A.B. asks: 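First the structure, which I've put down as structure tokens, then a few questions once you've had a look.
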Number of protein chains: 2
Amino acid sequence: MRIIYWSIIGFIYILQVNGDLFTSIADLQRLLVVEKNIPELINSYIATENDRLAELKNFVVKYKDNNDDLHKNMNVVTNPINAFRMIKRLTNAWKELEEKMRNDHAEEFINNVTNSDMNVFPKDEDLAGAAIGILRLQDTYRLDTHELANGYVRENKISRPLSAHDCFEIGRMAYNVEDYYHTLLWMGEALERIKKEDPATAAESDILEYYAFALYKQDNVKRALLATERLNEIHPTHSRAKGNIKWYEDQLAAEGVKRSEFRK
Amino acid sequence: MRIIYWSIIGFIYILQVNGDLFTSIADLQRLLVVEKNIPELINSYIATENDRLAELKNFVVKYKDNNDDLHKNMNVVTNPINAFRMIKRLTNAWKELEEKMRNDHAEEFINNVTNSDMNVFPKDEDLAGAAIGILRLQDTYRLDTHELANGYVRENKISRPLSAHDCFEIGRMAYNVEDYYHTLLWMGEALERIKKEDPATAAESDILEYYAFALYKQDNVKRALLATERLNEIHPTHSRAKGNIKWYEDQLAAEGVKRSEFRK
């Protein structure tokens, strides 16, 4: 366990010197509280909404009571006073109904959460920070992607295995910072994992698109072409696949590769 | 009953020759259907909202299940893989929660009602049409406002008595078409009726403002002044009362009335 212990300390150190990007200990403590509060938050929202719906139910009852004494037939309502009364009642009923229907508490709850200090949910940047934390750990200790994805750091299990979607997300975060080396590693791992998942947690076509572009950026145009052809095979209506195949072929031709060698 | 019968026929005739403003028989038939459908409409909205809240309840359960296997303490989350996983889960949780909270069905219901042929609630114009129908009936048969407000047409009871608020609304509709003669009659009736109501269905200050202006328009500046002073007495912070008192005093002075005679 000594190695793991130092790995984590090393990781924390990295976190602390890159406070603007990575997740700090204080952030993680805050997130634990956020996570703990989720059920309470939802239940409180549900309770408020139930109160609103109960008011609408009362409206049905009140409405029926109001009208029981008015026998509904054309002789009664064509009497101008009753016609006026019915129209007035319906005009007000609709105003009240509209107001009660529109008065839902979603924005209020969302604002409360967004503006509170303790209830701030992490954003995409935080997810990027956490993913890049994993990449730094991987680099620092030269960890194998497949082992890390299985939750192992130098033969010590530190977590449950990651899903294909977890690997896809790490790869996507690497892609977003133009780190195509890690994009390739983690998209490759995601492709392996979806074969074993049922149902798969990520779509093969999504993974392949990032994978092919990272291959191209890592100067492996032939494999980029093959990955894109696979994408075109499983998703024939894909908006970019056919154009990219043509583009990779042109790149290979420009490099002097013979057409018969493109896919070898 | 013969008289009433002819009154109603007369009223229907007036309705039909003024189809653009008054409430037609076809409109009244439609409104009866609208009225009958209100409880069903509300119940269907409540059912849709209950489904949405049930989904949010499932979210709490699913969320708890997802996390039961992760022992929450700082040693666990400072492990970079677990930190990533927690942040990913919270990021997605918030997106899903926001979407489920915002996805209420009020606009959908309101649009359905507004765009459907059978479910059109009456608008303020329809209420104006119905009120003006009463005024025409009153003129045609020279009916006393107080008797009509009690539901009587020439000693025949045709409806329950009107509330002060009903009278106020009829007066307000008359005011909107610059019919100050009827404004005065119905606001006067509304003032009488609130004295007997507990709680009052209309605010004295609201009635007095229309009443005073109608008096002024009917060339009774002294009574307009008295009504506005009463308004100022019961509502000392009223935004227009003091200015109007001054204005009525100036009118009286311009007419050559002595200050000592203003309130006599």
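Hydrogens, waters and symmetry mates are skipped; everything else that's a heavy atom, side chains included, is used. Every chain is numbered from 1, with letters handed out A, B, ... down the list of sequences. The shown structure was predicted, so the numbers you read here are calculated from the model rather than taken from an experiment.
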A.B. asks: Relative to chain B, which segment of A:Ile38 carries a heavy atom at a distance below 4.5 Å: side chain, backbone, both, or neither?
C.D. replies: side chain
A.B. asks: Under a 3.5 Å threshold, yes or no: a donor from one side chain and an acceptor from the other, between B:Glu189 and B:His146?
C.D. replies: yes
A.B. asks: Please look at A:Leu53 and chain B and tell me whether the side chain, the backbone, both or neither of the residue comes under 4.5 angstrom of a heavy atom of that chain.
C.D. replies: both
A.B. asks: Check this for me: does any side-chain nitrogen of one of A:Arg193 and A:Glu197 sit under 4.0 Å from a carboxylate oxygen of the other?
C.D. replies: no
A.B. asks: Just so I understand: if I count every heavy-atom pair under 4.5 Å between each of B:Leu148, B:Leu162, B:Thr91 and chain A, which residue has the most?
C.D. replies: B:Thr91
A.B. asks: Report which part of B:Leu90 has an atom under 4.5 Å of a heavy atom belonging to chain A: side chain, backbone, both, or neither.
C.D. replies: both
A.B. asks: In terms of heavy-atom pairs under 4.5 Å, which option from A:Glu49, A:Lys100, A:Lys88 contacts chain B the most?
C.D. replies: A:Lys88
A.B. asks: Could you pull out all residues at least two apart from A:Phe109 that satisfy ring-ring contact (aromatic ring centres under 6.0 Å, His included)?
C.D. replies: A:Tyr45
A.B. asks: Looking at A:Met101, is its backbone amide N or carbonyl O close enough to the side chain of A:Arg52 to form a donor-acceptor pair, meaning the two atoms are under 3.5 Å apart?
C.D. replies: yes
A.B. asks: Can you name the residues that form a side-chain contact (heavy atoms from CB on, under 4.5 Å) with A:Lys57, not counting sequence neighbours?
C.D. replies: B:Ile46
A.B. asks: Heavy-atom distances under 4.5 Å only: say whether B:Lys123 touches chain A with side chain, backbone, both or neither.
C.D. replies: backbone
